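What follows is one structure encoded as structure tokens, with my remarks underneath.
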Amino acid sequence: MQSPIEITRTNRRLLEKILENHSLAQLNKVPEGFKNNLIWNIAHVVVTQQLLIYKMSGLPMIIDDEMVQLYKKGTKTERPVTESEVLKVKELLFTTLDNTEKDLEAGVFKTFQEYPTSTGFTLTSLEDALHFNNFHEGIHLGYVLALKKAL
């Protein structure tokens with residue numbers, strides 16, 4: 001059985017291909033009927049993973065507060081992103097996972113703050129958060145594929 005991190009990594013490779021195969025204009029376009037765009041959904045999964053795994057464990061995230069404010073749950077596309085922001089998101093797709101994997105192996109996760117999700121799950125452990133993160137990323141991969149068709 002694959003680890004939750006490997007499942008996340010597979011999903012992130014699919015998202016990376018979206019970043020590589022779409023222009024900046026396409027990544028920024030919010031199609032009619034949607035409130036967000038491709039880049040928002042991809043950055044949102046990066047932010048959510050950091051919040052679920054690190055913040056709920058009382059540990060510092062490797063993303064900055066500005067990114068959290070732009071892409072956390074309840075936000076929407078507010079402005080076009082730049083090419084350098086796209087490159088940063090692309091880099092974070094994997095550096096965040098590499099960091100998580102290293103921290104899991106080092107045993108840095110000691111506590112977890114219970115978190116009721118908006119989908120009805122209550123996360124009570126790091127393991128719950130790792131599995132739920134994959135469910136969440138799958139939802140957003142679905143949105144990304146729908147957005148791609150709507151461009």
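Nothing here was measured: the structure is a model prediction, and the numbers come from that model.
A salt bridge is defined here as a Lys NZ or Arg NE, NH1 or NH2 lying under 4.0 Å from an Asp or Glu carboxylate O, and K88 with D64 fails to meet this definition.
Nearest approach of V68 to V47, heavy atoms of both residues: CA-CG1, 3.9 Å. Closest non-hydrogen pair, Y115 versus M56, comes out as CB-SD, 3.7 Å. Here the closest non-hydrogen pair linking P4 and L130 is CB-CB, 3.9 Å.
Contacts of H140 classified as ring pair (Phe, Tyr, Trp, His ring centres under 6.0 Å), with partners at least two apart in sequence or in another chain: H44, H136, Y143. F34 pairs by the ring pair (Phe, Tyr, Trp, His ring centres under 6.0 Å) definition with nothing, not counting sequence neighbours.
In this structure, CG on N28 lies 12.5 Å from NE2 on H22, to the nearest 0.5 angstrom. Atoms CD1 and OG1, from I139 and T119 in turn, are 6.0 Å apart once rounded to the nearest 0.5 Å. Of the inter-residue distances, the one linking R9 atom CZ with L93 atom CG reads 11.0 Å to the nearest 0.5 angstrom. In this structure, CZ on F94 lies 4.0 Å from CD on E16, to the nearest 0.5 angstrom. Note: L38 CG to L15 CG = 9.5 Å, rounded to the nearest 0.5 Å. Distance check: E83 CD to L27 CG gives 8.0 Å after rounding to the nearest 0.5 Å.
For F109 and Y54, the ring centers sit closer than 6.0 Å to each other. Within the 6.0 Å centre-distance limit, the rings of F135 and F121 are counted as a close aromatic pair.
When the side chains of ILVMFWY residues are joined at heavy-atom separations under 4.5 Å, either directly or via intervening members, L104 and I7 end up in two distinct hydrophobic clusters. With hydrophobic clusters built from ILVMFWY side chains whose heavy atoms lie under 4.5 angstrom apart, L151 shares a cluster with V30. By the criterion of side-chain heavy atoms lying less than 4.5 angstrom apart, applied directly or through intervening Ile, Leu, Val, Met, Phe, Trp or Tyr residues, V89 is not grouped with L87; the two fall into different hydrophobic clusters.
T96 is listed as a side-chain neighbour of Q49, based on a closest heavy-atom distance under 4.5 Å. E101 is listed as a side-chain neighbour of E6, based on a closest heavy-atom distance under 4.5 Å. Contact annotation: the side chain of V81 never approaches that of W40 to less than 4.5 Å [non-hydrogen atoms, C-beta and beyond]. By the 4.5 Å heavy-atom criterion applied to side chains, M67 and L92 are counted as neighbours. Put simply, the side chain of L141 does not reach to within 4.5 Å of the side chain of I18, judged on heavy atoms. No side-chain heavy atom of L70 sits under 4.5 Å from any side-chain heavy atom of T75. Counting heavy atoms from C-beta outward, L51 and M61 have side chains that approach closer than 4.5 Å.
A salt bridge (charged side-chain N to carboxylate O under 4.0 Å, His left out) check over residues 123-137, counting only residues at least two apart or in different chains, returns the pairs R12-E137. For residues 29-39, the pairs satisfying side-chain hydrogen bond (donor to acceptor under 3.5 Å, both in side chains) are N36-T77, N37-T77, with sequence neighbours left out. Within the structure, salt bridge (charged side-chain N to carboxylate O under 4.0 Å, His left out) contacts touching residues 104-120 (residues at least two apart or in different chains) do not occur. Listed by first and then second residue, the salt bridge (charged side-chain N to carboxylate O under 4.0 Å, His left out) pairs that reach into residues 18-28 are E20-K90, sequence neighbours excluded.
The main-chain N or O of S23 is found under 3.5 Å from a side-chain atom of Q26 such that the two form a donor-acceptor pair. In this structure a side-chain-to-backbone donor-acceptor pair under 3.5 Å is missing from N41 to V144. Between the side chain of N133 and the backbone N or O of A129 there is no donor-acceptor pair closer than 3.5 Å. Using a distance-only test at 3.5 Å, with no hydrogens or angles considered, no donor-acceptor pair links the side chain of D103 to the main chain of V108.
A side-chain contact (heavy atoms from CB on, under 4.5 Å) with V46 is found for exactly one of L97, T95, I63, namely I63. The side-chain contact (heavy atoms from CB on, under 4.5 Å) test with F112 singles out one residue from I53, L123, L52, and that residue is L123.
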Exercise. Please step through side chain to side chain contact (heavy atoms under 4.5 Å, CB included) for the pair T100 and I5, ending with a clear verdict.
Key: CA-CA 8 Å; T100 303; I5 296 289; 3.6 Å; yes
Quiz item: Hey, mind stepping through T82 and E85 against side chain to side chain donor-acceptor pair (under 3.5 Å) and telling me if it holds?
Solution: CA-CA 5 Å; T82 64; E85 288 172 303; 3.2 Å; yes
